[in-house]
Amino acid sequence: MRFKIKILLIAAILISSCYVSKFTETDLLKFIQKNVPDQRETVFNISAENTGNKLILKGDTDSKELKDKLFTELKSSNLVDRITMLPDNSVGNKKFGLINISVANMRAAPSYSAELVTQGLMGTPIKILKRQGDWFLVQTPDRYISWVDEGGIYPLTSQEFETWKNAKRIIVLDDFILATKGFNNDDIISDLTMGNILEVIKNEADKLQVKFPDGRTGYIPVLACLDFRGFAENKIPDKESVTVVAKSFTGRPYLWGGTSVKAMDCSGFVKMVYFMHGLILARDASLQAFYGKLVLPNREFDNFEKGDLLFFGRDS
């Protein structure tokens with residue numbers, strides 16, 4: 001009887017070992033292709049390493065759901081979990097933040113020489129996922145994930161972030177303005193551009209005293225901005241207004257990764273037009289195609305309306 005039990009135990013160990021050894025990076029890639037929505041919007045940097053009869057999974061992710069699904073599909077008791085959940089300890093208790101300059105360049109890797117993939121406008125709220133040296137891995141409201149240097153953001157605790165959300169704010173409508181130190185003082189605090197969001201301290205005649213994310217204060221013209229709450233609640237774009245704003249961007253410089261009126265790429269142009277009508281679209285055209293309602297063209301293309309977006313590609 002004991003002999004049979006030993007044989008069964010040995011067989012179980014061998015089966016378990018064989019199972020682990022069969023799992024490869026190719027299997028992990030298949031899992032990612034099948035389950036991870038889009039790695040521009042989800043962090044899932046996981047690698048697998050076979051050591052003896054153990055399978056070591058390491059890396060980081062911001063999705064507990066995906067991690068749990070991976071472990072469920074592996075169905076192995078010989079797994080070693082070395083996956084870090086984001087946000088990690090490198091960010092401390094400041095897991096939120098605000099873009100702190102008029103336009104922040106955001107990159108594919110933590111380096112100034114890395115590809116510019118998107119931009120963030122002052123006052124844009126972000127989730128901080130991790131820190132590496134002077135760089136932060138962040139996620140913007142459009143779910144896009146990128147790296148920004150420490151000069152581009154101001155980290156916040158959860159309580160500070162809630163306070164900011166409940167504060168009276170404005171959004172800049174003009175292409176370009178300058179915030180000055182005092183009401184009658186021409187000393188410049190910062191440049192500001194369309195889409196920048198700041199807190200309001202008080203209204204003085206034809207100027208507003210505003211507060212920057214990092215606490216600096218300055219003055220801007222009242223007519224250059226709009227109350228943010230009213231702006232955010234107006235999420236049904238007017239067809240004519242969309243056209244007017246789009247045409248107003250004529251002649252702007254092209255910049256790969258640009259999403260501001262200073263310079264933009266094609267999907268950044270679309271994103272900016274709709275953002276200024278209260279709608280946050282995805283960063284890239286291939287992601288924007290999944291927003292809104294699908295309208296199939298007829299032969300004359302006359303079932304489209306002003307403001308509709310046309311995408312060209314294949315279903316698979």
Side-chain angles (χ1 to χ4, degrees), residues 4-92 95-96 106-110 114-115 117-118 126-132 135-147 158 280-292 294 311 313-316:
K4 288 182 179 180
I5 292 174
K6 286 181 180 179
I7 290 176
L8 291 173
L9 286 173
I10 291 171
I13 292 172
L14 288 173
I15 291 171
S16 176
S17 299
C18 290
Y19 177 81
V20 170
S21 64
K22 287 180 181 178
F23 187 83
T24 65
E25 288 289 349
T26 301
D27 297 315
L28 186 57
L29 181 59
K30 289 179 180 178
F31 175 86
I32 292 173
Q33 291 174 337
K34 178 183 175 182
N35 297 282
V36 179
D38 195 299
Q39 294 212 61
R40 289 170 291 182
E41 299 182 335
T42 303
V43 178
F44 198 77
N45 300 318
I46 308 298
S47 62
E49 178 184 331
N50 288 293
T51 304
N53 69 334
K54 294 186 181 296
L55 177 64
I56 301 173
L57 294 176
K58 50 189 177 181
D60 54 29
T61 180
D62 65 339
S63 174
K64 186 177 184 303
E65 180 182 354
L66 282 175
K67 176 186 173 182
D68 291 344
K69 187 170 185 178
L70 175 61
F71 276 65
T72 299
E73 290 197 7
L74 289 175
K75 298 177 182 177
S76 171
S77 60
N78 292 329
L79 288 175
V80 178
D81 182 1
R82 293 183 184 169
I83 297 174
T84 300
M85 290 301 304
L86 302 178
D88 65 13
N89 294 332
S90 66
V91 305
K95 299 178 181 179
F96 301 92
M106 309 176 82
R107 302 187 179 276
E115 177 190 5
V117 292
T118 192
I126 55 173
K127 293 180 181 178
I128 301 177
L129 301 177
K130 68 177 177 179
R131 179 169 187 164
Q132 184 174 316
W135 292 83
F136 292 86
L137 182 66
V138 302
Q139 186 173 43
T140 44
D142 57 11
R143 297 190 54 79
Y144 213 75
I145 293 168
S146 57
W147 290 89
S158 298
I280 297 176
L281 297 184
R283 168 63 185 94
D284 296 334
S286 59
L287 297 170
Q288 292 172 357
F290 295 101
Y291 281 61
L294 177 64
F311 298 91
R314 297 182 177 87
D315 291 336
S316 59

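Just so it is clear, the values below take in all heavy atoms, side chains as well, and ignore hydrogens, waters and symmetry mates.
Heavy-atom contacts from other residues, nucleotides or ligands closer than 6.0 Å to OH of Tyr291 number more than 12.
Formation of a donor-acceptor pair under 3.5 Å by the Gln139 side chain with backbone atoms of Ile145 is not found in this model. Between the side chain of Ser63 and the backbone N or O of Leu66, at least one donor-acceptor pair lies under 3.5 Å.
Looking at heavy atoms from C-beta onward, Ile46 lies out of side-chain contact with Phe31 at the 4.5 angstrom threshold. Side chains of Lys67 and Asp81 form a contact here, defined as non-hydrogen atoms less than 4.5 Å apart. Between Ile83 and Asp60, the closest side-chain pair of non-hydrogen atoms is not below 4.5 Å. Phe71 has its side chain within reach of Leu79: a pair of non-hydrogen atoms, C-beta onward, lies under 4.5 Å apart. Counting only heavy atoms from C-beta outward, the side chains of Trp147 and Lys130 approach each other to under 4.5 Å. Contact annotation: the side chain of Asp62 approaches that of Thr42 to within less than 4.5 Å [non-hydrogen atoms, C-beta and beyond]. Annotation: side chain of Arg82 is in contact with side chain of Ile56 (closest heavy-atom distance under 4.5 Å). For the pair Lys69/Asn35, a side-chain contact is recorded, criterion being any heavy-atom separation below 4.5 Å from C-beta on.
Here CG of Asp88 is found 11.0 Å from CD1 of Ile128. Values are rounded to the nearest 0.5 Å.
Of all non-hydrogen atoms in Leu137 and Val43, the two that sit nearest each other are CD2-CG2, 4.2 Å. When all heavy atoms of Ala114 and Ala108 are compared, the closest pair comes out as CB-N, 4.4 Å.
Judged as a side-chain hydrogen bond (donor to acceptor under 3.5 Å, both in side chains), and not counting sequence neighbours, Gln39 has no contacts.
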Requested in this report: List the steps, then state whether side chain to side chain contact (heavy atoms under 4.5 Å, CB included) holds for Thr118 with Thr140.
Outcome: CA-CA 10 Å; Thr118 192; Thr140 44; 5.6 Å; no
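Contact check on Glu115 versus Arg107 returns no salt bridge, with no Lys/Arg side-chain nitrogen under 4.0 Å from an Asp/Glu carboxylate oxygen. The pair Asp38-Arg143 does not count as a salt bridge, with every side-chain nitrogen at least 4.0 angstrom from each carboxylate oxygen.
No side-chain donor-acceptor contact under 3.5 Å links Asp284 and Ser286. Side-chain polar atoms of Arg40 and Ser146 form no donor-acceptor pair below 3.5 angstrom.
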